[in-house]
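Each remark here refers to the structure printed beneath this line.
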Amino acid sequence: MVNGQESSVQETVDSHYVNDEGVIHAYPDKPESEYLSESLGLYMEYLLQVGDKQHFAEQAAILEDRFLVEAGGQVFVPWRLYEEANVNALIDDVRISAALEAAAEQFAEPAYSELSKQILSAIEDRQHQQGTAVDFYDWSFQLAGNRLTLSYLIDDMTVLPESYTMLNLEETGIFFPEYYDFEKKRYVKSKEVHMIDQLLIAINRFDRGLESPEFKKWLIDEWDSQERLAGRYDRETGEAAVDYESLAVYYYLWQYFERVGHVELSEQAVQRAESLAGEELPGELHFFDFIHYQMMMHGQ
């Protein structure tokens, strides 16, 4: 598939990323790779973006037929498809629910809104600690998790309103903590930071009216000096911890630079992603990187 041709994105997905039943697997031409609710939600986002009613309907049907599990008077979406999957993931659920709500209006299909409400009902009913949403609920043990990952608090997705207060960090240094631990009652920081998480947290904070001056300065300095962004960095030194780059990282870098008004830098991020992707996709790309790249290219 040649970059930028919208009509062939769906063809590429159908040819390389789905099994005989139409369910998306993680790696192209590898039906033995994982089947993730993350992939389903991201593809729904893309199909909304390009206004593809037919393919969206197909994914909604797969959601109902293959992913939705009834338990204890509720329905939940396992984070991956396999027999013993009894845990959902907050970010995947709210992404799918937000896509369904948007599709109900965009495609004039009220049934999508009802489906969205079913998924969110379980989060509101069970998946929280003291009124704050948490990363997952274990349906086999009927226990809510003890952490909330800050990159999950995306502004246009429905989580419990109190959860957004967790983004109100007093002092973060250059990088943000990854999650809040409700058992230990503190934020937790890893030694190596993943740039997708860091960029998402910065975006989530910006969308809530919160500035992140130290992170913003470091990011612009790193970009100006290196003209690339690695996938992970050392929290203490701010130096790249790995050599690899990621198309998904560039998607969120593009999003962040657009938000903070650095249009020229956002364009540079897109150009770097195009250079990294090359002329033919998907290659060996995980669906996460493939579909984020396509969303970025369509958003130009």
Side-chain angles (χ1 to χ4, degrees), residues 26-27 36 38 89-91 134-136 145-154 166-208 210-262 264-277 284-290 292-293 296:
Y27 286 98
L36 305 172
E38 171 187 82
L90 177 68
I91 183 60
V134 290
D135 285 3
F136 66 87
N146 281 319
R147 67 165 63 174
L148 173 60
T149 299
L150 303 184
S151 60
Y152 290 3
L153 295 172
I154 296 171
M166 306 307 291
L167 292 168
N168 298 333
L169 307 166
E170 292 182 2
E171 292 184 19
T172 67
I174 293 173
F175 299 116
F176 310 106
E178 281 76 18
Y179 65 90
Y180 184 82
D181 187 312
F182 286 91
E183 190 172 357
K184 297 177 181 177
K185 298 181 179 179
R186 63 180 178 89
Y187 289 96
V188 178
K189 303 175 180 179
S190 62
K191 291 181 179 179
E192 282 188 5
V193 299
H194 291 252
M195 286 314 300
I196 288 175
D197 292 336
Q198 293 295 310
L199 286 163
L200 256 172
I201 295 167
I203 289 167
N204 294 347
R205 282 170 53 81
F206 182 88
D207 289 348
R208 290 274 148 181
L210 301 169
E211 298 293 333
S212 306
E214 289 188 64
F215 176 77
K216 180 181 174 182
K217 182 182 184 303
W218 171 85
L219 187 65
I220 293 172
D221 289 347
E222 180 72 10
W223 184 256
D224 285 344
S225 64
Q226 303 298 321
E227 298 181 343
R228 69 193 293 272
L229 202 62
R232 298 205 306 265
Y233 285 80
D234 183 276
R235 180 179 291 276
E236 294 301 319
T237 66
E239 299 293 323
V242 295
D243 291 330
Y244 72 79
E245 299 167 80
S246 158
L247 293 178
V249 165
Y250 287 126
Y251 170 86
Y252 290 111
L253 182 64
W254 165 66
Q255 290 261 304
Y256 182 70
F257 281 153
E258 286 275 311
R259 276 170 168 77
V260 298
H262 287 279
E264 185 178 344
L265 296 183
S266 73
E267 291 171 353
Q268 290 174 15
V270 173
Q271 290 165 7
R272 181 64 184 176
E274 287 186 280
S275 174
L276 188 64
E284 298 297 318
L285 281 179
H286 193 286
F287 189 79
F288 185 83
D289 282 294
F290 171 79
H292 273 104
Y293 178 72
M296 178 170 61

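- When side chains are defined from C-beta on, Met166 does not count as touching Tyr179, because their heavy atoms never get closer than 4.5 Å.
- Using modelled atom types, one side-chain atom of Glu178 and one backbone atom of Ser190 make a donor-acceptor pair closer than 3.5 Å.
- Leu265 is not listed as a side-chain neighbour of Leu253, based on a closest heavy-atom distance of 4.5 Å or more.
- The CG atom of Leu200 lies 13.5 Å from the CZ atom of Arg205; values are rounded to the nearest 0.5 Å.
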List the steps, then state whether side chain to side chain donor-acceptor pair (under 3.5 Å) holds for Arg272 with Gln268. CA-CA 6 Å; Arg272 181 64 184 176; Gln268 290 174 15; over 6 Å; no
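- Asp243 CG: 12 or fewer foreign heavy atoms inside a 6.0 Å radius.
- Inter-residue side-chain proximity for Leu199 and Gln255 is flagged as unmet; no heavy-atom pair is nearer than 4.5 Å.
- Interatomic distance, Leu247 CG to Tyr293 OH, rounded to the nearest 0.5 Å: 7.0 Å.
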Can Phe175 and Trp218 be said to form a side chain to side chain contact (heavy atoms under 4.5 Å, CB included), step by step? CA-CA 9 Å; Phe175 299 116; Trp218 171 85; 3.8 Å; yes
Test side chain to side chain contact (heavy atoms under 4.5 Å, CB included) on Ile154 and Ile91; report intermediate values, then the result. CA-CA 8 Å; Ile154 296 171; Ile91 183 60; 3.6 Å; yes
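- Proximity of the aromatic rings of Phe215 and Phe176 is defined here by a centroid distance below 6.0 angstrom, and this criterion is met.
- A distance of 6.0 Å separates CG of Asn204 from CG of Leu153, quoted to the nearest 0.5 Å.
- A side-chain contact (heavy atoms from CB on, under 4.5 Å) with Pro177 holds for exactly one of Thr149, Leu169, Val193, Val188; it is Leu169.
- The heavy-atom pair separating Ala202 from Tyr256 by the smallest distance is CB-CE1, 3.7 Å.
- Shown here are the side chain to side chain contact (heavy atoms under 4.5 Å, CB included) partners of Phe182, two or more places apart in sequence or in another chain: Gln129, Gln130, Thr132, Val134, Leu148, Tyr180.
- For the atom pair Gln226 CD and Glu239 CD, the distance stands at 8.0 Å (nearest 0.5 Å).
- Annotation: the span from Glu227 atom CD to Gln271 atom CD amounts to 10.5 Å, rounded to 0.5 Å.
- Using a 4.5 Å heavy-atom threshold, the side chains of Glu192 and Tyr233 count as separate.
- Here the side chain of Asp289 pairs a donor or acceptor atom with the backbone of Ala248 at under 3.5 angstrom.
- Residues passing the side-chain hydrogen bond (donor to acceptor under 3.5 Å, both in side chains) test with Tyr250 are Glu245, sequence neighbours excluded.
- In terms of heavy-atom proximity, Asp197 sits nearest to Ser151 at OD1-OG, 3.6 Å.
- To the nearest 0.5 Å, atoms NZ (Lys184) and CZ (Arg147) are separated by 9.0 Å.
- Between Phe290 and Phe287, the ring planes are tilted. Angles from 30° to 60° get that label.
- A donor-acceptor pair is defined here as one N or O able to donate and one able to accept, closer than 3.5 Å; no such pair exists between the side chain of Tyr251 and the backbone of Ala273.
- Checked by atom type and distance alone, the side chain of His194 never pairs as donor or acceptor with a backbone atom of Ile196 at under 3.5 Å.
- Here the rule is side-chain contact (heavy atoms from CB on, under 4.5 Å) with Leu219, and of Glu214, Gln198, Met195 only Met195 fits it.
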